[in-house]
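Everything on this sheet refers to the single structure shown next.
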Protein chains: 2
Amino acid sequence: MSTSPATEAPAYPTLPVADVHQVLSALADPIRLEIVRRLSRAGGGPTPCAHLYDGVSKSTASHHFKTLREAGLTERSVEAGQSCQRLRVAEVEQALPGILSAVLRAADELTPPQ
Amino acid sequence: MSTSPATEAPAYPTLPVADVHQVLSALADPIRLEIVRRLSRAGGGPTPCAHLYDGVSKSTASHHFKTLREAGLTERSVEAGQSCQRLRVAEVEQALPGILSAVLRAADELTPPQ
DNA sequence: GAGCGAGTTCGATAGCCGTCAAACTTCGTC
DNA sequence: GACGAAGTTTGACGGCTATCGAACTCGCTC
């Protein structure tokens, strides 16, 4: 049944940062970690989905976006008609201090950005 | 074939600290993270296997020990006839600075020790 | 409003992972 | 040497998860 709100849709809810297990699971997947890296490099602003992944299908990427969102690592927004993801740096840092920055640093040492 | 060294057995080889993906996967499992927490609380010394887990069978625990060892997080030794595990704090800190300490801190906030 | 492009959802599938019991190994002890 | 305790390995099983194509939805644009 289509509710189709006439005013505005909050789209997808932003969830609280999950516990350490769920966050580590989310970051442990190479594709998801790469998404997080690109979001981080984008400076914390909303980034269009299409810029965040390579080598997997759209449906797979969408699944990973959902996983990251459910872990509270990202949130979704819509900018000029296209779906964007944003890394919730401050919220994650507050909930799980030091983890995100340490993981991003380690990933950069493994495979430096370009 | 049993080589049975007369001098001393290095038992199981200590592996290098694995990449960030494998380490995060190892730490993402609740039972393994609890093992790591107990090893950390033991002050970096070798700790008998039996003190490191509850609620799972010996074989499952042994499987988790192996996973941690393969990620380079722990190493095995034998003290007075019983098998012990040791958390490789310094090695992990050097390979992946900040990750282990941040994860342990987050775990302590989730469920404080006793 | 017809068409299009970008994302998401839906099934379906294959592989991985956590779990256990049972068998085996290796100690130490009687 | 026989027994027992502590760990490990093996084999099997169930559930979770990453993946894809196809169908669907939602905004734009013409």
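The figures here come from the full heavy-atom set of this structure, side chains too, leaving out hydrogens, waters and symmetry mates.
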Would you say T60(A) places a side-chain N or O within less than 4.0 Å of OP1 or OP2 belonging to dT19(D)?
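The answer is no; no side-chain N or O of T60(A) sits under 4.0 Å from OP1 or OP2.
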
Quick one: is dA6(C) close enough that its OP1 or OP2 comes under 4.0 Å of any side-chain N or O from S83(A)?
no

Under the side-chain contact (heavy atoms from CB on, under 4.5 Å) test, which residues partner P48(B), sequence neighbours left out?
H51(B), Q82(B), C84(B)

Under 4.0 Å from any atom of DNA chain D, heavy atoms only: list the residues of residues 18-45 of chain A that qualify, in numerical order.
D29(A), I31(A), R32(A)

Test: E34(A) and R38(A) ion pair at under 4.0 Å:
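Salt bridge flag = yes for R38(A) with E34(A).
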
Ionic contact status for E70(A) with R76(A), cut-off 4.0 Å:
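Here R76(A) does not pair with E70(A) in a salt bridge, since their nearest N and O are not under 4.0 Å apart.
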
Selected nucleotide, minimal atom distance to [X] side chain, candidates [options]:
X      : options                  : result
R76(B) : dT19(D), dT8(D), dG18(C) : dT8(D)
C49(B) : dT19(C), dG7(D), dT8(C)  : dG7(D)
V56(A) : dC20(D), dG7(D), dG7(C)  : dC20(D)
K58(A) : dG7(D), dC20(C), dT8(C)  : dT8(C)

Output the rounded distance in Å from [atom1] ([X]) to [atom2] ([N]).
X      : N       : atom1 : atom2 : value
E70(A) : dC16(D) : CD    : P     : 14 Å
K66(A) : dC10(C) : NZ    : P     : 8 Å
H63(A) : dA22(D) : NE2   : P     : 20 Å
Q85(A) : dA6(C)  : CD    : P     : 16 Å
E79(A) : dG7(C)  : CD    : C1'   : 15 Å
L52(A) : dT8(C)  : CG    : P     : 11 Å
R69(B) : dG7(D)  : CZ    : P     : 12 Å
F65(A) : dT8(C)  : CZ    : C1'   : 11 Å

Can S62(A) and S59(A) be counted as having a side-chain donor-acceptor contact under 3.5 angstrom?
no

Contact class for [X] (heavy atom, under 4.0 Å): base, sugar-phosphate, or nothing?
X      : result
S59(B) : base
A61(B) : nothing
H64(A) : sugar-phosphate

Between L27(B) and L73(B), is there a side-chain heavy-atom distance shorter than 4.5 Å?
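Contact flag for L73(B)/L27(B) side chains = yes.
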
Closest approach of L96(A) to V20(A) (non-hydrogen atoms, all atoms of both residues)
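What the structure gives for the nearest pair is CD2-CA, 4.4 Å.
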
Across all chains, not counting sequence neighbours, the salt bridge (charged side-chain N to carboxylate O under 4.0 Å, His left out) partners of R69(B) are none

